[in-house]
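As structure tokens, the structure follows; a few thoughts come after it.
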There are 2 protein chains.
Amino acid sequence: MIKKIERQVMDLKKIIRNIPDFPKKGVVFRDITPLLKDAKAFRYAVDMMADHYQGVKIDAILGAEARGFVFGAAMAYRLGVGFVPVRKPGKLPYQTCTVSYSLEYGENILEMHTDAICKNDRILVVDDLVATGGTAKAKADLVQQQGGTVLGFCFLIELCFLQPRKVLKDYDIFSLIQYESE
Amino acid sequence: MIKKIERQVMDLKKIIRNIPDFPKKGVVFRDITPLLKDAKAFRYAVDMMADHYQGVKIDAILGAEARGFVFGAAMAYRLGVGFVPVRKPGKLPYQTCTVSYSLEYGENILEMHTDAICKNDRILVVDDLVATGGTAKAKADLVQQQGGTVLGFCFLIELCFLQPRKVLKDYDIFSLIQYESE
């Protein structure tokens with residue numbers, strides 16, 4: 001049995017900065033840079049996210065550029081697993097597979113190396129924030145294209161009012177911080 | 001006295017993939033994605049880079065998007081310090097300071113939040129690779145603009161034949177892996 005580590009609870013929302021009307025009017029941007037800068041808060045956030053996966057077999061963590069690299073890499077180190085970067089087109093030098101998905105305006109493309117994931121690899125997808133879940137779903141599609149299994153999604157922040165769990169209904173989701181409204 | 005941890009030496013060059021003529025003819029791209037994917041190699045690389053700073057007072061680690069976020073965040077977690085992200089223009093939501101610097105063709109701009117670094121903060125700049133040192137120097141300029149001190153640069157890979165230590169001659173530099181030619 002894995003012994004649960006008791007951590008003193010930190011209220012991370014207090015050090016997330018709310019920026020109204022960024023990147024556009026009516027949206028409150030949740031700025032995590034003060035949390036990243038705070039050594040205790042950053043460590044606590046990574047530990048709490050990682051704790052959720054104690055005893056779970058993970059082959060690699062996947063994170064997309066740029067912000068997904070921060071918690072993705074730190075969690076990969078913390079959990080002692082590999083890290084798979086997903087990037088914008090043209091950045092990865094080897095043979096790639098791609099996924100395209102719709103955004104509010106236009107579409108976006110993500111790339112991953114074809115040898116980044118082996119058949120049946122168990123992949124945890126990590127990001128700092130989930131909003132509608134569209135980008136997260138695209139990452140799952142990339143993993144599955146290569147024969148991997150998405151064992152779950154792990155987010156620092158979940159914008160619950162945008163209902164990402166609807167789009168990601170087939171997956172296990174863990175988020176450390178939830179916002180119920182803008 | 002800090003006790004040095006003895007680690008079994010890993011030859012990381014063996015799992016770095018060499019891609020000829022990427023991103024342009026004559027350049028050998030050092031692809032670290034196989035290293036990142038290898039749990040033991042990734043952990044070893046982060047530990048070896050972090051070991052170099054045992055006992056050194058660091059206030060935060062600075063890394064620039066996107067690749068600088070990978071080792072930057074993992075080392076910040078490992079060393080128990082904060083992480084300061086430097087980004088491309090328009091990505092950071094709060095008040096920013098900027099630095100522009102010349103590339104082979106054209107120029108590039110980097111941004112950082114003005115409150116990311118306090119006066120006299122001791123900052124370690126981390127990246128996966130240093131080539132000519134131009135981008136690294138720009139990051140040092142950002143830190144110093146805000147009154148911080150660059151205690152050093154830490155790179156996974158140093159392309160020695162591009163002589164980054166000339167441009168970075170005023171700084172302490174540690175690199176884990178060196179290439180003496182293309």
Side-chain angles (χ1 to χ4, degrees), chain A residues 17-23 27-43 45-47 50 58-85 87-88 90-94 112-113 115-118 121, chain B residues 17-23 27-43 45-47 50 58-85 87-88 90-94 112-113 115-118 121:
Chain A
R17 180 162 44 197
N18 301 321
I19 314 251
D21 301 321
F22 187 93
V27 173
V28 179
F29 189 89
R30 308 299 177 173
D31 175 18
I32 64 165
T33 62
L35 184 158
L36 298 177
K37 175 68 196 297
D38 182 318
K40 276 189 190 160
F42 179 52
R43 176 162 276 262
V46 173
D47 284 340
I58 301 173
D59 290 303
I61 283 175
L62 181 146
E65 81 171 282
R67 284 159 45 183
F69 286 5
V70 176
F71 280 92
M75 278 189 67
Y77 179 84
R78 167 66 171 71
L79 290 168
V81 302
F83 178 69
V84 172
R87 300 211 58 182
K88 287 165 189 160
K91 296 288 184 181
L92 289 167
Y94 192 64
M112 183 177 75
H113 277 155
D115 67 348
I117 288 174
C118 304
D121 269 0
Chain B
R17 180 161 46 195
N18 301 321
I19 315 250
D21 301 322
F22 188 91
V27 172
V28 180
F29 189 90
R30 309 298 179 175
D31 175 16
I32 64 164
T33 62
L35 183 158
L36 298 177
K37 175 70 196 295
D38 182 319
K40 276 189 190 160
F42 179 53
R43 177 162 275 262
V46 173
D47 284 340
I58 301 173
D59 290 303
I61 282 174
L62 181 147
E65 81 171 282
R67 284 158 47 183
F69 287 5
V70 176
F71 280 92
M75 278 189 67
Y77 178 84
R78 168 66 171 71
L79 290 168
V81 303
F83 179 68
V84 172
R87 301 212 58 182
K88 287 164 189 160
K91 296 286 185 183
L92 289 167
Y94 191 65
M112 183 176 75
H113 276 155
D115 66 349
I117 288 175
C118 304
D121 269 0

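A, B, ... follow the sequence lines: proteins, then strands. Residue 1 opens every chain.
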Heavy-atom distances under 4.5 Å only: say whether [X] touches chain B with side chain, backbone, both or neither.
X        : value
A:Asp121 : side chain
A:Arg17  : side chain
A:Ala76  : both

Measure distances from [X] to the heavy atoms of chain A and classify the residue's part below 4.5 Å as side chain, backbone, both or neither.
X       : value
B:Pro85 : side chain
B:Phe83 : both
B:Leu92 : both
B:Lys40 : neither
B:Tyr94 : both
B:Arg87 : side chain
B:Val84 : side chain

Which heavy atom of [X] sits nearest a heavy atom of [Y], and at what distance?
X       : Y       : answer
B:Tyr77 : A:Ala74 : CB-CB, 4.2 Å
A:Gly80 : B:Ala39 : O-CB, 3.4 Å
B:Asn18 : B:Pro20 : O-CD, 3.5 Å

Contact leader toward chain A among B:Met75, B:Lys88, B:Lys91, B:Lys37, where contacts are heavy-atom pairs under 4.5 Å:
B:Lys37

So which of B:Phe29, B:Phe69, B:Phe42 has the largest heavy-atom pair count under 4.5 angstrom toward chain A?
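Most heavy-atom pairs under 4.5 Å with chain A: B:Phe69.
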
In terms of heavy-atom pairs under 4.5 Å with chain B, which of A:Leu35, A:Asp38, A:Ile117, A:Asp31 leads?
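The candidate making the most pairs under 4.5 Å is A:Asp31.
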
Side chains of B:Arg67 and B:Ile32 in contact at under 4.5 Å (non-hydrogen atoms):
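Not touching, per the 4.5 Å side-chain cut-off.
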
Could you tell me the separation between the CD1 atom of A:Ile61 and the CG atom of A:Leu79, rounded to the nearest 0.5 Å?
5.0 Å

